[in-house]
Amino acid sequence: MPSPFSRLFALALLALAAPLSVAPAQAQAERCPKLVATSPFLSPPRLTAIPAAMPGEREVSLTFVGHATFLIETAGGVTLATDYNDYVRPSVVPRVATMNRAHSTHYSLNPDPGIERVLKGWREDRDPVHYDLEVGDLWIGNLPTNIRDWEGGTIKNGNSIFIFRAADLCIAHLGHLHHTLTPEDLGALGRIDIVLAPVDGSYTLDVDGMVEVLKALESPVVIPMHFFNPSTLERFLAKLADSRYTIARQPTPTVVLSRASLPTTPTVMVLPGR
């Protein structure tokens with residue numbers, strides 16, 4: 001007959017096992033951020049019930065316009081341009097534009113007046129800016145990061161990693177990222193399916209630092225940007241190829257992605273652009 005001690009021990013084990021049994025379901029919650037409750041910067045998207053999808057409704061289109069600018073188009077017709085500036089712009093006026101501070105090729109002082117929302121990734125007083133908003137079927141959040149100044153100092157919260165959620169896909173635009181990400185940053189960002197990464201290796205992070213960030217994010221899709229010339233891009237690709245990433249060169253600057261079409265191994269999708 002089991003002793004009182006053994007019965008107590010068995011009950012204790014059951015108590016420990018109970019929370020663990022629900023962890024996988026919690027980990028697969030349909031949202032981007034995982035630990036946003038502990039982050040002062042990033043809030044979870046306000047989710048609503050997802051209706052049955054018609055063909056094409058659970059897809060998102062990304063077009064590499066050039067430098068650090070992408071045009072994101074949702075199934076619901078929302079258009080957004082990243083790092084909107086006066087030099088590289090999409091052919092359409094986007095409904096939303098995001099910007100970052102580092103250089104004039106990442107922001108505009110005179111954005112097109114037809115843009116409904118202009119979201120600057122920094123504040124002049126260096127306090128962190130915070131976005132948590134929905135525009136149609138697109139959710140937008142951000143995580144502030146620091147940047148270097150021209151004298152080698154630090155500008156607090158001068159960059160934002162913008163996060164977009166559409167068609168059940170979580171997309172992160174790293175902006176002009178100058179440092180690797182902390183465990184707290186990674187926890188706030190949560191699940192990222194597609195990461196748009198600057199790979200110049202000098203003005204932003206060096207190549208080894210960017211590879212460290214990408215490995216930490218564990219995103220199925222990496223799309224390079226901000227690479228200036230073919231040799232810079234090839235240096236980055238060689239480093240990632242050594243890290244067991246698949247390199248997929250796309251014939252056009254536009255890709256259409258869905259959760260079902262995400263690759264099963266980490267893949268770098270190289271889009272023609274500049």
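Every value quoted in this text rests on a predicted model; they were computed, and no experiment measured them.
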Any side-chain to backbone donor/acceptor pair from Thr79 onto Glu73? Under 3.5 Å, distance only. no
Aromatic plane relationship, His176 with His226 - under 30° parallel, 30 to 60° tilted, over 60° perpendicular: perpendicular
In the structure I gave you, are the side-chain heavy atoms of Leu189 and Leu181 within less than 4.5 Å of one another anywhere? yes
May I ask you to test the Leu133-Val135 pair for a side-chain heavy-atom distance under 4.5 Å? yes
Just by distance, do the side chain of Ser219 and the backbone of Ile192 share a donor-acceptor pair under 3.5 Å? yes
Which atom pair, heavy atoms only, marks the closest approach of Gly66 to Val88? O-CG1, 3.6 Å
Min side-chain heavy-atom separation Ile115-Arg117 under 4.5 Å: no
So, the side chain of Asn142 versus the backbone of Val129: is there a donor-acceptor pair under 3.5 Å, distance only? yes
Name the residue from Val213, Val222, Val221, Ile171 that meets the side chain to side chain contact (heavy atoms under 4.5 Å, CB included) definition with Val195. Val222
Could you tell me whether the side chain of Arg259 reaches within less than 4.5 Å of the side chain of Leu169, counting heavy atoms only? yes
I would like to know whether Asn85 and Ser108 meet side-chain hydrogen bond (donor to acceptor under 3.5 Å, both in side chains); could you show each step before the answer? CA-CA 4 Å; Asn85 62 86; Ser108 171; over 6 Å; no
Could you report the tightest heavy-atom contact between Leu196 and Pro198, atom names first, then the distance? O-CD, 4.0 Å
Side chain Asp193, main chain Cys170, donor-acceptor under 3.5 Å: yes
Would you mind writing out the side-chain donor-acceptor pairs for residues 262-273 within the sub-3.5 Å range, not counting sequence neighbours?
residue : atom : partner : partner atom : Å
Thr267  : OG1  : Thr265  : O            : 2.9

Residues in salt bridge (charged side-chain N to carboxylate O under 4.0 Å, His left out) contact with Asp127, at least two apart in sequence or another chain: Arg123
Close side-chain approach of Leu214 to Tyr245, heavy-atom, < 4.5 Å: yes
Carefully, step by step, assess Thr254 and Ser61 under the rule side chain to side chain contact (heavy atoms under 4.5 Å, CB included). CA-CA 7 Å; Thr254 299; Ser61 169; 3.4 Å; yes
Ignoring hydrogens, what is the shortest heavy-atom contact between Phe70 and His173? Give both atom names and the distance. CD1-CD2, 4.1 Å
Closer than 3.5 angstrom, by distance alone: can the side chain of Asp137 be matched with the main-chain N or O of Gly76 as a donor-acceptor pair? yes
Heavy-atom side-chain contact between Arg58 and Asp168 under 4.5 Å: yes
Side chains of Leu71 and Phe64: closer than 4.5 Å at any heavy-atom pair? no
Within the 4.5 Å heavy-atom criterion, are Tyr87 and Arg89 side-chain neighbours or not? no
Decide whether Val207 and Ile247 are clustered together by the hydrophobic rule: side chain heavy atoms of Ile, Leu, Val, Met, Phe, Trp, Tyr closer than 4.5 Å, transitively. yes
Would a distance-only check, ignoring hydrogens and angles, find a side-chain to backbone donor-acceptor pair under 3.5 Å from Asn157 to Pro144? no
Are any of the side-chain nitrogens in Lys239 or Glu212 under 4.0 Å away from the carboxylate oxygens of its partner? no
Looking at Leu143, is its backbone amide N or carbonyl O close enough to the side chain of Asn159 to form a donor-acceptor pair, meaning the two atoms are under 3.5 Å apart? no
Where do Ala68 and Thr82 come nearest, in terms of heavy atoms and distance? O-OG1, 3.0 Å
Over all heavy atoms of both residues, which pair between Val60 and Ala166 is shortest? Give the atoms and the distance, please. CG2-CB, 4.3 Å
Has the side chain of Thr69 got a donor or acceptor atom that lies under 3.5 Å from a matching backbone atom of Asp83? yes
